[in-house]
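In what follows, a structure is listed as structure tokens, so that the remarks can point back to it.
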Amino acid sequence: MKSVNPYIIIGQGLAGTILAHHFLEAEIPFEIWDSPETHFNSSQAAGGIFNPVTGRKLEQTWLADELFNYLFEFYPRVEATLSTQFFHPMPLFRPFANEEMKTWLVERKNEIHHEYLRWESEGVWVNKAGWVDVVKLLRVSRDYFEAKGLLKIGVCAEPKGIYCEGFHGQKNPLWSCLPFLPAKGELMEIRSSQPSQEYILNKNGFVLPLGNQHFKVGATYSWKEYSNETTPEALADLQAKLQVMGVDSYEILVQKTGIRPATQDRRPFVGFHPSLEAGIFNGFGSKGVSLMPYFAKQWTDEILGRSSVHSEVSIRRFYHLFSV
Ligand SMILES: Cc1cc2nc3c(=O)[nH]c(=O)nc-3n(C[C@H](O)[C@H](O)[C@H](O)COP(=O)(O)OP(=O)(O)OC[C@H]3O[C@@H](n4cnc5c(N)ncnc54)[C@H](O)[C@@H]3O)c2cc1C
């Protein structure tokens with residue numbers, strides 16, 4: 001971006017927080033604005049899972065090696081900076097969906113296999129998976145930024161800055177031409193003695209152990225409406241997921257909701273506006289925990305003139321949509 005000094009980061013969700021940590025490390029001056037009273041925060045509802053394997057065919061996620069090598073460096077580094085723990089590498093088990101799928105996958109095991117998989121008779125173990133306690137990362141980072149005098153509460157009046165607004169970004173006239181495709185999501189926290197406390201169970205949903213027989217269960221997808229209200233439909237969906245994962249005795253502690261800032265081409269929006277003093281770091285959809293660190297580093301390096309943001313992520317791919 002042309003010369004804005006210090007940078008104004010707008011939004012202290014997971015995106016703004018991770019970008020701010022990169023700016024701090026690179027000694028790029030900034031202040032960070034947040035307004036959860038007027039713009040609800042979706043990161044508070046995140047499962048926080050990172051998982052390099054996706055889809056029915058157990059494929060590696062896009063850029064898995066780059067993303068996962070970097071996130072295993074980044075989160076522990078921030079833990080040291082903040083003197084706290086929120087990064088929890090943990091085995092993840094994906095049972096085969098059914099006998100037919102098991103046969104199909106096992107017959108193709110040699111073609112499908114990659115370094116993130118370990119095969120067992122009833123499913124696969126996923127290496128390099130785990131979860132980030134997003135609520136804790138945000139809370140401790142907020143205190144840290146505040147102590148440094150970098151945090152401002154409210155909506156920044158100046159129409160310039162680096163916008164990390166999550167799903168609210170689609171209503172911002174600066175960015176409304178970008179092809180957002182938000183997805184509402186809900187999860188719940190339960191107490192139960194049934195699931196394992198040692199690993200994340202992932203079968204058309206997930207059961208994530210938090211300790212002391214406390215688990216997160218998720219997550220739903222819906223495109224009907226984008227309020228921050230929980231719904232009975234999602235509750236029923238979550239209970240059905242639990243049933244499929246073999247859990248039928250539990251106490252529901254809380255139900256949470258948020259909006260994933262997803263995009264039509266399933267790639268984030270990172271970069272500067274073609275003509276204004278504004279930038280965007282958004283569109284991380286359902287994979288913010290694994291995508292944000294790597295692309296925050298790439299963009300920081302681009303700002304320092306060291307390299308460029310990946311072409312599939314840079315908003316240069318949409319410059320033709322902006323009227324200049
Ligand atoms: C149910 C659910 C489960 C999920 N599970 C996972 C998971 O397991 N793993 C994973 O990687 N991802 C998961 N996600 C996705 C993940 O939560 C998102 O990718 C991520 O939280 C988005 O963060 P964000 O910072 O872009 O947006 P947000 O968290 O919404 O943050 C935006 C922030 O900006 C502020 N803001 C907005 N506009 C303004 C403004 N104009 N002025 C000032 N402040 C402003 C808001 O107050 C808010 O604090 C899940 C999402 C949901 C809903």
Side-chain angles (χ1 to χ4, degrees), residues 8-20 31-52 54 61 67-68 71 75 88 90 92 129-135 137-139 141-142 151-175 180 182-189 200 202 205-208 216-222 226 228 230-231 234 237-238 254-263 268-270 278 280-293 295-296:
I8 299 168
I9 296 177
I10 295 167
Q12 200 237 323
L14 191 58
T17 300
I18 288 178
L19 189 64
E31 56 189 41
I32 181 162
W33 288 70
D34 197 37
S35 184
E37 296 292 316
T38 55
H39 298 69
F40 64 86
N41 176 300
S42 292
S43 300
Q44 299 290 335
I49 293 174
F50 49 93
N51 171 7
T54 187
T61 55
L67 299 179
F68 282 73
L71 78 82
Y75 288 116
H88 304 282
M90 184 177 271
L92 182 147
W131 68 287
V132 166
D133 185 338
V134 174
V135 172
L137 166 60
L138 264 54
R139 188 182 67 240
S141 296
R142 189 180 191 86
L151 180 74
K152 314 277 171 193
I153 301 298
V155 175
C156 181
E158 292 198 58
K160 62 183 186 185
I162 296 183
Y163 288 82
C164 308
E165 298 177 291
F167 124 92
H168 305 284
Q170 70 167 3
K171 286 176 266 158
N172 183 333
L174 286 176
W175 309 111
F180 283 93
K184 180 165 179 168
E186 297 188 45
L187 59 69
M188 63 185 182
E189 293 180 17
I200 301 166
N202 177 202
F206 63 81
V207 178
L208 163 65
K216 276 191 194 184
V217 180
T220 65
Y221 281 79
S222 161
Y226 298 115
N228 61 342
T230 56
T231 60
D237 192 355
L238 292 167
V254 65
Q255 189 179 345
K256 291 184 170 181
T257 184
I259 314 292
R260 302 173 184 88
T263 68
F269 302 143
V270 177
I280 187 165
F281 189 69
N282 201 337
F284 293 93
S286 57
K287 295 202 164 86
V289 171
S290 46
L291 293 169
M292 289 170 186
F295 292 112

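Since the model is a prediction, treat every value here as computed from it, not as a measurement. For ligands, and for the atoms within them, numbers begin at 1 and follow the listed sequence.
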message = Please determine whether any non-hydrogen atom of G154 lies less than 4.0 Å from an atom of ligand 1.
response = yes
inquiry  = Does ligand 1 come near enough to S43 that some N or O of the ligand is less than 3.5 Å from an N or O of the residue?
reply    = yes
inquiry  = So which atom in S141 and which in Q12 form the shortest heavy-atom distance, rounded to 0.1 Å?
reply    = CB-NE2, 4.1 Å
inquiry  = Could you tell me, atom by atom, which parts of ligand 1 come under 4.0 Å of a heavy atom of G285?
reply    = 15 (C), 16 (C), 18 (C), 19 (O)
task = Keeping the roles fixed (side chain from S42, backbone from G258), state whether a donor-acceptor pair exists under 3.5 Å.
result = no
request  = Look only at interatomic distance and state if H168 has a nitrogen or oxygen under 3.5 Å from any nitrogen or oxygen of ligand 1.
outcome  = no
inquiry  = Using a plain distance cutoff, I'd like to know if N282 has any nitrogen or oxygen under 3.5 Å from a nitrogen or oxygen of ligand 1.
reply    = no
Ligand-residue contact atoms, ligand 1 with P36, heavy atoms, under 4.0 Å = 47 (O)
message = Quick check against the 3.5 Å criterion: does K216 have a side-chain atom that pairs as donor or acceptor with the backbone of A46?
response = yes
task = Answer yes or no: does an N/O atom from R260 fall short of 3.5 Å to an N/O atom of ligand 1?
result = no
Polar atom proximity, V155 to ligand 1 (N or O, under 3.5 Å) = no
key: Option of least heavy-atom distance to atom 5 (N) of ligand 1 (set: G218, A183, A45, G47)   = G47
request  = Return the minimal non-hydrogen interatomic distance between G154 and W33, and the atom names on each side.
outcome  = O-CE3, 3.4 Å
ask   = Short list, please: which atoms of ligand 1 are under 4.0 Å from a heavy atom of C164?
value = 32 (C), 33 (C), 34 (O)
message = I want to confirm something. Looking only at heavy atoms, which of G11, C156, G258 is nearest to atom 34 (O) of ligand 1?
response = G11
key: Heavy-atom pair of closest approach, residues T54 and T61   = CB-CG2, 3.8 Å
request  = Mind listing the closest non-hydrogen atom pair of A15 and C164 along with its distance?
outcome  = CB-CB, 4.2 Å
message = Need the ligand 1 atom indices (1-based, order shown) with element for anything under 4.0 Å from a heavy-atom of S42.
response = 28 (P), 29 (O), 30 (O)
message = Quick check: S286 and ligand 1, any N/O pair under 3.5 Å apart?
response = yes
message = When you compare ligand 1 with G48, is there at least one nitrogen or oxygen pair between them that comes in under 3.5 angstrom?
response = yes
inquiry  = If you measure every N or O of T257 against every N or O of ligand 1, does any of those distances drop under 3.5 Å?
reply    = no
ask   = Among the heavy atoms of M292, does any lie under 4.0 Å from an atom of ligand 1?
value = yes
note = Between A129 and L92, the two heavy atoms sitting closest are CB-CB, 3.7 Å
query = Under 3.5 Å, N or O to N or O, is V289 touching ligand 1 that way?
reply = yes
ask   = Does H39 reach the main-chain N or O of F167 with its side chain, forming a donor-acceptor pair under 3.5 Å?
value = no
message = With nothing but distance in play, are any N or O atoms of P261 less than 3.5 Å from an N or O of ligand 1?
response = no
ask   = What orientation do W131 and H88 show, parallel under 30°, tilted 30 to 60°, or perpendicular over 60°?
value = parallel
key: For G166, atoms of ligand 1 separated by under 4.0 Å from a heavy atom   = 26 (O), 27 (O), 32 (C)
task = Decide if atom NZ of K287 counts as having more than 12 heavy atoms of other residues, nucleotides or ligands within a radius under 6.0 Å.
result = no
task = Please determine if K256 and E189 form a salt bridge, counting it only when a charged side-chain N lies under 4.0 Å from a carboxylate O.
result = yes
ask   = For ligand 1, which atoms, with element, lie under 4.0 Å from some heavy atom of G288?
value = 10 (C), 11 (O), 12 (N), 19 (O)
remark   = The protein heavy atom nearest to atom 42 (N) of ligand 1 is I10 CG2, 3.5 Å
remark   = The protein heavy atom nearest to atom 1 (C) of ligand 1 is G185 C, 3.4 Å
note = Heavy-atom nearest pair, E186 first then T230, reads OE1-CA, 3.3 Å
ask   = In terms of the angle between their ring planes, are F50 and Y75 parallel, tilted or perpendicular, with boundaries placed at 30° and 60°?
value = parallel
